[in-house]
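Scope of the values below: all heavy atoms of this structure, side chains included, with no hydrogens, waters or symmetry mates. Just so you know, these numbers come straight off a predicted model, no measurement behind them.
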Amino acid sequence: MFTVDPTPSVGEELDWRAGAACRDVDPELFFPTPIDGAALVAAERRALSVCRVCPVLNACRSWAIVEQPHGIAGGLTEDERHRARQTMPRLAGCADGPAVVPGPSLRTDRAPAIAAGRTALTAGADRGDIARALGVTRRTVDRRAAALAISAGGGR
C-alpha cells in the first residue's frame, strides 16, 4: 500500500493541505488497485472527482508532480504526472530535480488553443500534430473532433 506523506518537505508550507478536499476521504481511493481496463478507469474517475472540486488543486498539483510518484494526486494520474515531469525545464547545473513546476492552465486561457484546434481539425490536419502543437493529449483532440462530428482529419 502506498501512502501520501502529510509532512511538508524542506521549505514547503503545510497551509494548503489543511484545505484539501481529500483531507477527510479514505486514502485508498487515491491508489486504485485494478491493473487496467474499465475497472481502473472507474477507480481513477472516482478519485479525480474529489480533485475536481478541491480548493487547493493548484498547490496540490505542483507538489504532486514533484513529490508523489504513485496514485492519483493533484488531479493527475501517475502517467500524467510522469509526462509533466519529463517536460519540465531544469535549472542549469541542477540535476536532482525540476526547476519549475507547471501549474494547471486556467480554462479561460485555453480559448485560443481550443479555437486553433477546431480550425486545424476542420482543415483536416493530423490529430497527432494538433495535439503536439497545442500541448494536449491525442485523446483530447479525438474527443474534440468527436464533439465537432469530424470523422476525417488524418492521423488515425
Side-chain angles (χ1 to χ4, degrees), residues 1-118 121 127-128 130-148:
M1 178 180 100
F2 302 104
T3 60
V4 176
D5 182 6
T7 57
S9 298
V10 175
E12 181 181 335
E13 293 185 24
L14 185 61
D15 297 351
W16 65 269
R17 293 181 191 194
C22 62
R23 193 80 178 155
D24 298 319
V25 177
D26 181 7
E28 293 293 319
L29 177 68
F30 298 97
F31 298 97
T33 55
I35 306 266
D36 59 11
L40 177 62
V41 171
E44 287 177 342
R45 283 186 182 161
R46 284 191 297 273
L48 291 170
S49 70
V50 174
C51 296
R52 267 193 294 274
V53 298
C54 186
V56 296
L57 180 60
N58 292 345
C60 182
R61 180 166 291 168
S62 294
W63 166 82
I65 289 171
V66 176
E67 300 286 334
Q68 184 62 26
H70 304 290
I72 304 296
L76 301 171
T77 64
E78 292 177 18
D79 290 338
E80 290 167 333
R81 287 193 311 280
H82 177 75
R83 283 193 302 272
R85 282 189 292 274
Q86 298 296 326
T87 60
M88 289 189 326
R90 298 185 182 271
L91 285 174
C94 179
D96 62 340
V100 179
V101 177
S105 58
L106 299 174
R107 292 187 189 275
T108 56
D109 71 351
R110 298 299 295 161
I114 292 169
R118 183 178 296 126
L121 282 168
R127 292 180 184 179
I130 295 170
R132 283 186 291 282
L134 298 178
V136 298
T137 64
R138 168 64 189 261
R139 183 173 175 221
T140 298
V141 175
D142 288 342
R143 284 194 319 257
R144 179 58 62 184
L148 294 172

Peer 1: Restricting to non-hydrogen atoms, name the atom on Arg81 and the atom on Leu76 that form the minimum distance, rounded to 0.1 Å.
Peer 2: NH1-O, 2.7 Å
Peer 1: Give me the atom names and distance for the closest heavy-atom approach of Cys51 to Phe30.
Peer 2: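 Of all heavy-atom pairs spanning Cys51 and Phe30, the closest is SG-CE2, 4.3 Å.
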Peer 1: So which atom in Leu134 and which in Ala116 form the shortest heavy-atom distance, rounded to 0.1 Å?
Peer 2: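 Scanning both residues completely, I find the closest heavy atoms to be CD2-CB, 4.2 Å.
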Peer 1: Provide the closest heavy-atom pair for Gln68 versus Arg85 in the form atom of the first, atom of the second, distance.
Peer 2: O-NH1, 4.0 Å
Peer 1: Identify the two heavy atoms, one from Cys54 and one from Ala21, that lie closest to each other, and give their separation to 0.1 Å.
Peer 2: SG-N, 3.3 Å
Peer 1: Would the number of heavy atoms belonging to other residues, nucleotides or ligands and lying under 6.0 Å from CZ of Arg143 be above 12?
Peer 2: yes
Peer 1: So which heavy atom on His70 is nearest to which on Phe31, and how close?
Peer 2: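 In terms of heavy atoms, the two residues are closest at O-CE2, 3.5 Å.
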Peer 1: With rounding to the nearest 0.5 angstrom, report the NE2 to OG1 distance, His82 to Thr77.
Peer 2: 11.0 Å
Peer 1: Taking the side chain as every heavy atom from C-beta outward, state whether Ile130 and Arg144 have any pair of such atoms under 4.5 Å apart.
Peer 2: no
Peer 1: Is there a side-chain contact between Glu44 and Arg46, using heavy atoms and a 4.5 Å cut-off?
Peer 2: no
Peer 1: Quick one: CG on Asp142 to OG1 on Thr137, what's the gap to the nearest 0.5 Å?
Peer 2: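 Between atom CG of Asp142 and atom OG1 of Thr137 there are 8.0 Å.
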